Amino acid sequence: VAELSELILVRSEAARLRSYCASVARADVTSRIDFDGVQRALRELILAVTTETDNLDALAREGLPVPAMQRLMREQSILDLCMACVQAPFERPALFSGQELRGAHRPLHATCRLFQRLLWHLLRDSEDDRAHAARYVGALQRLLGYSIGVASTLAELFTDNDALLDTMD
């Protein structure tokens with residue numbers, strides 16, 4: 001029963017993330033996008049993929065990874081979906097600078113930070129997720145100037161990942 005409820009949660013939140021990604025790709029970035037809804041979905045996924053702690057702040061939560069949830073989210077392509085969603089606003093050249101993202105586009109900035117935090121949790125202690133995420137190193141590097149937590153995601157990706165380090169120039 002617990003596995004079914006977890007699958008329902010992940011699929012439901014994945015649908016919300018897909019809708020967000022499509023909205024961002026076709027919108028002028030911030031008009032008519034349900035940032036509150038997608039942020040709630042990201043918080044739920046972060047809480048689900050980590051062990052219980054006293055800290056319910058999704059951006060500061062440190063709980064240990066829950067391998068079964070990491071696997072379920074991997075099977076449901078949440079990592080790929082997160083990468084698509086976090087890249088979508090930045091695919092149009094010179095849409096805005098990092099400074100503008102933290103100012104006028106604050107809801108987008110907060111959402112991107114939550115996407116990065118979920119990615120960080122998915123990568124923690126997961127060789128399978130790290131191997132899969134290696135394809136996104138370049139995309140993550142291009143997002144470094146926006147202050148959305150990409151450095152932490154990259155650090156987690158490279159932690160104890162000698163195979164990936166050996167492929168870097």
Side-chain angles (χ1 to χ4, degrees), residues 1-27 29 33-51 58-59 61-92 95 107-144 146 148-161 163-165 167-168:
V1 175
E3 291 176 11
L4 179 59
S5 65
E6 291 167 348
L7 178 61
I8 291 169
L9 168 76
V10 171
R11 284 191 171 178
S12 171
E13 303 306 5
R16 186 180 301 271
L17 299 184
R18 277 192 293 281
S19 174
Y20 163 83
C21 194
S23 295
V24 168
R26 70 175 176 267
V29 179
I33 294 175
D34 180 16
F35 287 108
D36 290 337
V38 77
Q39 288 174 14
R40 263 191 315 277
L42 290 164
R43 284 186 195 97
E44 286 297 319
L45 292 172
I46 289 168
L47 294 178
V49 78
T50 57
T51 57
L59 288 172
R61 190 174 176 98
E62 293 287 335
L64 297 172
V66 177
M69 283 302 291
Q70 286 176 313
R71 184 178 56 256
L72 175 61
M73 289 188 197
R74 182 172 50 255
E75 290 167 354
Q76 297 299 312
S77 301
I78 298 297
L79 192 149
D80 295 318
L81 183 55
C82 284
M83 282 303 303
C85 289
V86 81
Q87 290 177 86
F90 306 100
E91 288 179 345
R92 289 173 274 170
L95 192 58
L108 178 62
H109 183 254
T111 302
C112 288
R113 289 182 63 216
L114 285 166
F115 273 115
Q116 288 301 312
R117 192 62 177 180
L118 178 56
L119 285 166
W120 183 80
H121 282 293
L122 292 174
L123 297 174
R124 287 182 70 201
D125 300 332
S126 174
E127 289 181 30
D128 291 334
D129 283 325
R130 287 179 183 160
H132 184 77
R135 70 188 72 195
Y136 295 118
V137 169
L140 288 165
Q141 288 173 323
R142 286 188 292 280
L143 296 172
L144 278 168
Y146 293 103
I148 57 174
V150 175
S152 295
T153 303
L154 283 168
E156 189 59 40
L157 178 57
F158 284 103
T159 298
D160 297 325
N161 196 343
L164 180 57
L165 286 170
T167 65
M168 297 288 114

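Every value quoted in this text rests on a predicted model; they were computed, and no experiment measured them.
- Minimum heavy-atom separation, Ala133 to Leu157: CB-CD1, 3.8 Å.
- One distance of note links OH of Tyr136 with CG of Leu79; it measures 6.5 Å at 0.5 Å rounding.
- Ala139 pairs by the side-chain contact (heavy atoms from CB on, under 4.5 Å) definition with Met83, Gln87, Arg142, not counting sequence neighbours.
- Inter-residue side-chain proximity for Val150 and Val86 is flagged as unmet; no heavy-atom pair is nearer than 4.5 Å.
- Put simply, CD1 on Ile78 and CG on Leu122 are 8.0 Å apart, with the number rounded to the nearest 0.5 Å.
- Checking each of Thr50, Leu42, Leu123 against Leu118 for a side-chain contact (heavy atoms from CB on, under 4.5 Å) leaves exactly one that passes, namely Leu42.
- Among residue pairs with one or both ends in residues 68-90, those qualifying as salt bridge (Lys or Arg N to Asp or Glu O under 4.0 Å) are Arg74-Asp128, Arg74-Asp129; sequence neighbours excluded.
- Although no hydrogens or angles enter the test, the distance criterion places no donor-acceptor pair under 3.5 Å between the side chain of Gln70 and the main chain of Asp125.
- Residue pairs meeting the ring pair (Phe, Tyr, Trp, His ring centres under 6.0 Å) criterion with at least one partner in residues 114-135, sequence neighbours excluded, are Tyr20-Phe115.
- Side-chain atoms of Arg61 never come within 3.5 Å of backbone atoms of Arg43 as a donor-acceptor pair (strictly under, hydrogens ignored).
- The minimum heavy-atom distance between Ala58 and Leu114, with the atom names listed, is CB-CD2, 3.8 Å.
- Met69 contributes atom CE, which lies 3.5 Å from atom CE of Met73 (distance to the nearest 0.5 angstrom).
- Here Glu156 pairs with Arg130 under the salt bridge (charged side-chain N to carboxylate O under 4.0 Å, His left out) rule; sequence neighbours left out.
- The CZ atom of Phe90 sits 5.5 Å away from the CG atom of Leu108 when rounded to the nearest 0.5 Å.
- For Arg124, there are no salt bridge (charged side-chain N to carboxylate O under 4.0 Å, His left out) partners, not counting sequence neighbours.
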Distance-only criterion, 3.5 Å: show the donor-acceptor pairs between side-chain atoms of residues 8-19 and protein atoms not counting sequence neighbours.
{"from": "Arg11", "atom 1": "NE", "to": "Gln76", "atom 2": "OE1", "distance (Å)": "3.3"}

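- Checked by atom type and distance alone, the side chain of Ser23 never pairs as donor or acceptor with a backbone atom of Ile33 at under 3.5 Å.
- Across all their heavy atoms, Leu119 and Cys82 have their closest contact at CD2-CB, 3.7 Å.
- Between Pro89 and Cys85 the shortest heavy-atom distance is CD-O, 3.3 Å.
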